[in-house]
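A quick write-up on the structure given underneath.
We use all heavy atoms of the structure for the numbers below, so side chains are in, but hydrogens, waters and symmetry mates are not. Note that the numbering runs from 1 along the sequence shown for the chain. Computed from a prediction, not measured in an experiment: that's the story for all the values here.
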Amino acid sequence: MEKILISACLIGDKTRYDGKSNYHPLVKQLLEKYELVPFCPEVEGGLHTPRQPSEIVKGQVINAYGKDVTKYFREGASKALMLCQYLQIKTAILKESSPSCGLNEIHDGTFSGRKIKGSGITARLLMKNGIRVISENDIENFLTNN
C-alpha cells in the first residue's frame, strides 16, 4: 500500500498552534487506499502545542510576539523531507494556509486573518525535492483521480 505523508492535524491530532485539530472527514476514505504517515513539521521542528501563531514575513517566520521562529520551521521541513526520502513517500497532503504546510495560500504576515498566494516552508521544500504536494482542499479530487 502506497504511503502518503499527511499533516497530523488533518487526521485529528491536536497539533495546531491553538491546540486544536483540523480533522478532515475524507481521512477515512484515504485510509482505505493509502497508508497515512502523520507529521507536523512545526512540532517536529521543536515548537510546542499550544504556541503563538506564526506567519511568513519577508521570507522569515515570525510569531505573534515578533520572535523569529524560522529555524523551527526549517528544521521541521527538513525532517519531513528526510522522512519522505526514507520511507520513499512520493505524495504529501498538507494543511492549506499554514506557514509550514500551505500550498496555494498563506497568511499575509500581518496577523489580520488575510491570506495571500504563497506556500509554506515545508510545502516548498517537499516540492523542490520532487514530492507531489496536495492541499487538503483537493483531497476529494485526489481520491477520485488516483
Side-chain angles (χ1 to χ4, degrees), residues 2-27 29-31 34 36-87 89-146:
E2 181 183 348
K3 291 178 175 67
I4 292 180
L5 187 79
I6 188 167
S7 293
C9 63
L10 295 176
I11 67 157
D13 286 359
K14 295 179 179 181
T15 54
R16 276 176 40 124
Y17 74 93
D18 59 5
K20 297 179 182 176
S21 81
N22 287 309
Y23 177 75
H24 198 287
L26 293 178
V27 164
Q29 288 181 38
L30 285 167
L31 284 167
Y34 304 98
L36 300 181
V37 179
F39 189 87
C40 177
E42 294 173 29
V43 171
E44 295 300 326
L47 295 172
H48 300 284
T49 304
R51 58 191 168 276
Q52 286 298 309
S54 298
E55 297 187 6
I56 298 174
V57 180
K58 297 179 183 173
Q60 299 299 108
V61 186
I62 308 299
N63 74 14
Y65 288 146
K67 181 180 178 188
D68 185 336
V69 292
T70 306
K71 68 178 182 178
Y72 301 106
F73 282 74
R74 287 188 179 147
E75 177 69 17
S78 177
K79 287 181 177 180
L81 177 59
M82 286 189 295
L83 182 62
C84 286
Q85 291 171 335
Y86 180 74
L87 296 177
I89 293 173
K90 306 273 188 255
T91 303
I93 299 174
L94 302 180
K95 174 70 182 114
E96 193 64 79
S97 305
S98 157
S100 289
C101 298
L103 175 61
N104 301 305
E105 66 180 15
I106 54 173
H107 290 273
D108 71 356
T110 65
F111 296 92
S112 64
R114 272 188 8 156
K115 295 177 186 175
I116 58 173
K117 288 185 181 198
S119 299
I121 306 294
T122 299
R124 283 196 311 253
L125 183 64
L126 294 180
M127 288 186 295
K128 181 180 174 184
N129 285 276
I131 307 294
R132 178 182 180 196
V133 177
I134 297 164
S135 164
E136 79 199 85
N137 299 331
D138 295 322
I139 293 174
E140 187 171 4
N141 185 47
F142 175 74
L143 283 166
T144 302
N145 295 310
N146 287 292

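The structure places CG of Leu10 at 10.5 Å from CZ of Arg16, a figure rounded to the nearest 0.5 Å. Rounding to the nearest 0.5 angstrom, the gap separating the CD atom in Glu96 from the CD atom in Glu105 is 5.0 Å. Note: Leu47 CG to Gln52 CD = 11.0 Å, rounded to the nearest 0.5 Å. To the nearest 0.5 Å, atom CG of residue Leu143 and atom CD1 of residue Ile139 are 7.5 Å apart. Rounding to the nearest 0.5 Å places CD1 of Ile6 at 5.0 Å from CD1 of Ile93. Distance check, rounded to the nearest 0.5 Å: CG of Leu36 to CG of Leu31 gives 4.5 Å.
Judged by distance alone, with hydrogens and angles left aside, the side-chain atoms of Asp138 form no donor-acceptor pair with the main-chain N or O of Asn141 at under 3.5 Å. Side-chain atoms of Thr15 do not come within 3.5 Å of backbone N or O of Ala8 as any donor-acceptor pair. Side-chain N or O atoms of Ser135 include one that pairs as donor or acceptor with a backbone N or O of Asn137 at under 3.5 Å. Although no hydrogens or angles enter the test, the distance criterion places no donor-acceptor pair under 3.5 Å between the side chain of His107 and the main chain of Gly109.
Using a 4.5 Å heavy-atom threshold, the side chains of Cys84 and Tyr86 count as separate. The shortest distance between side-chain heavy atoms of Leu81 and Gln85 falls below 4.5 Å. Using a 4.5 Å cut-off on side-chain heavy atoms (C-beta onward), Asp18 and Pro50 make no contact. With a 4.5 Å cut-off on side-chain heavy atoms, Cys101 and Pro41 count as touching.
Heavy atoms only, all atoms of each residue included: Glu2 and Thr91 are closest at OE2-OG1, 3.8 Å. Summarising the geometry of Ile56 relative to Pro99, their closest heavy-atom pair is CD1-O, 3.6 Å, with the distance given to 0.1 Å. Residues Ala80 and Leu5 share a closest heavy-atom pair of CB-CD2, 4.3 Å. Residues Val61 and Thr70 come closest through the heavy atom pair N-OG1, 2.7 Å.
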Checking side-chain contact (heavy atoms from CB on, under 4.5 Å) for the pair Ile4/Phe142: CA distance, chi angles, key distance, verdict? CA-CA 12 Å; Ile4 292 180; Phe142 175 74; 3.7 Å; yes

Assess the residue pair Leu26 and Gln29 against the criterion (side-chain contact (heavy atoms from CB on, under 4.5 Å)); give the C-alpha distance rounded to whole Å, side-chain angles, the decisive distance to 0.1 Å, and a yes or no. CA-CA 5 Å; Leu26 293 178; Gln29 288 181 38; 3.4 Å; yes

Could you go through the side-chain contact (heavy atoms from CB on, under 4.5 Å) check for Glu44 and Tyr72 one step at a time? CA-CA 8 Å; Glu44 295 300 326; Tyr72 301 106; over 6 Å; no

Evaluate the side-chain contact (heavy atoms from CB on, under 4.5 Å) criterion for residues Tyr34 and Asn146: first the C-alpha distance (whole Å), next the side-chain angles of each, then the deciding distance (0.1 Å), finally the verdict. CA-CA 11 Å; Tyr34 304 98; Asn146 287 292; 3.3 Å; yes

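For Phe73, the CZ atom counts as densely surrounded, since its 6.0 Å shell holds more than 12 non-hydrogen atoms of other residues, nucleotides or ligands. Around CD of Glu140, the count of heavy atoms belonging to other residues, nucleotides or ligands within 6.0 Å does not exceed 12. Annotation for Lys79: atom NZ counts as buried by contact number, over 12 foreign heavy atoms lying within 6.0 Å.
A search for ring pair (Phe, Tyr, Trp, His ring centres under 6.0 Å) contacts involving Tyr17 returns nothing, not counting sequence neighbours.
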Check residues 110-126 and write down every donor-acceptor pair under 3.5 Å in which the side-chain atom is one partner and the other belongs to a residue at least two apart or another chain.
residue	atom	partner	partner atom	Å
Thr110	OG1	Asp108	OD1	2.6
Thr110	OG1	Asp108	OD2	3.3
Thr110	OG1	Ser112	N	3.4
Thr110	OG1	Ser112	OG	2.7
Ser112	OG	Arg114	N	3.4
Arg114	NE	Asp108	OD2	2.7
Arg114	NH2	Asp108	OD2	3.0
Lys115	NZ	Ser97	OG	3.3
Ser119	OG	Leu103	O	2.6
Arg124	NH1	Ser119	O	2.7

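When the options Glu42, Lys95, Arg74 are evaluated for a side-chain hydrogen bond (donor to acceptor under 3.5 Å, both in side chains) with Ser100, the one that passes is Glu42.
Note on residues 43-70: no pairs pass ring-ring contact (aromatic ring centres under 6.0 Å, His included), not counting sequence neighbours.
Side-chain atoms of Glu136 and Asn22 include no donor-acceptor pair closer than 3.5 Å.
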